[in-house]
Amino acid sequence: MKLSFVISTQPTKFQAITFDPNFEANAAHLASLGYDGIELGVREPDKLDVANLRRTLAQHHLSVPAIGTGQVFLEEQLSFTDPDAAVRERALARVKAHIALATHFDAIVIIGLIRGQTFPTVAREQAYAWMVDALQDVARTARAQNIRLAIEPINRYETDWVNDVAGAHALIDAIGADNVGILFDTFHANIEEPNIEASLRACGARLFHIHLADSNRWYPGAGHTNFASILATLRAMDYAGWVSAEILPKPDMKHAAAETIRTMKPLLSQSADR
Ligand code: LER
Ligand code: MN
């Protein structure tokens, strides 16, 4: 298992993510702390200087395990369930741009808030059907480029469906594509799942990616989530993916990144020794 840290490539309202205009300095710092990669939160893939980004990451031997899309909903309100067909189309086109970006890094594309939620003026079944149709289209586009998608269950205070692993399985069954799996975020799971370890096991082979945050969304070690037990569960499942710290930059990003390493590295090296 490898460790990454989530960084936004643009300013964003999403608080559990760091944006610092000096990406190069952040990359150098995270690499010096011992991170293996940077997960990118991206609103506008077409505005990124990919060549420059790749150069900086290569310089510091960092990978990009995953690319987040949630800002497209948070900043621009684009989603697959909007009552306006033109908005749904723009959401679809944007996620396809994320897929094209992901091919440069062999990264997973995360499907969180962009998938949409219910709207008062649209029947719930209709909104769900639009979401499934869009994700089938996105999954086909991703498959043609060898890219995997990860559905992220998100807690009830941020969205009104697909809040847990059971909801993610139901959505993936409806999509019917094997390049679609689950992103398990320990912060959301602490709110929604009856038992974090059992819910991890319930992901089975669909477990594609992990977001790490403690119960209070601070760095691992700042709350009451049992990361030793989570890592032991992942080892027992032979999970070979990444764990990515998506945390509030508190008390500041550098402190949060260093504390994450302090808690997680000993647990991760146990998994390498197995
Ligand atoms: C994104 O990864 C996430 O966890 C959500 O809380 C975004 O709103
Ligand atoms: Mn997350």
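Below, each value reflects all heavy atoms present in this structure, side chains not excepted, and no hydrogens, waters or symmetry copies. Each ligand, and each atom within it, is numbered from 1 in the order the structure gives.
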Does a salt bridge link [X] with [Y], judged by any charged N lying under 4.0 Å from a carboxylate O?
X	Y	result
Asp49	Arg55	no
Arg156	Asp164	no
Glu44	Arg94	no

I need the contact type for [X] against ligand 1. Using non-hydrogen atoms and a strict under-4.0 Å cut-off, is it side chain, backbone, both or neither?
X	result
Leu113	side chain
Phe187	neither
His209	neither

The Mn ion (ligand 2) - closest N/O/S atom in Asp185: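 Looking at Asp185, the N, O or S atom with the least distance to the Mn ion (ligand 2) is OD2.
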Among Lys13, Gln71, His188, His211, which one puts a heavy atom closest to atom 4 (O) of ligand 1?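 Ranked by closest heavy atom to atom 4 (O) of ligand 1, first place is His188.
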So, Glu197 versus Ser229: side-chain donor-acceptor pair below 3.5 Å or not?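 Glu197 vs Ser229: donor-acceptor pair found between side chains.
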Is a side-chain donor-acceptor pair under 3.5 Å present for Thr118 with Asp160?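 Asp160 vs Thr118: donor-acceptor pair found between side chains.
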So which protein heavy atom does atom 8 (O) of ligand 1 come closest to, and at what separation?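 Scanning the protein heavy atoms, the shortest distance from atom 8 (O) of ligand 1 goes to Glu158 OE1, 2.4 Å.
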Quick check: are there more than 12 heavy atoms from other residues, nucleotides or ligands sitting under 6.0 Å from NZ of Lys2?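 Counting neighbours around NZ of Lys2, 12 or fewer heavy atoms of other residues, nucleotides or ligands fall under 6.0 Å, so no.
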Hey, is the Mn ion (ligand 2) within less than 2.8 Å of some N/O/S atom on His211?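 Under 2.8 Å: His211 contacts the Mn ion (ligand 2) through an N, O or S atom.
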Can you tell me if Arg217 has a non-hydrogen atom under 4.0 Å from ligand 1?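 For ligand 1, residue contact (heavy atoms, under 4.0 Å) with Arg217 is present.
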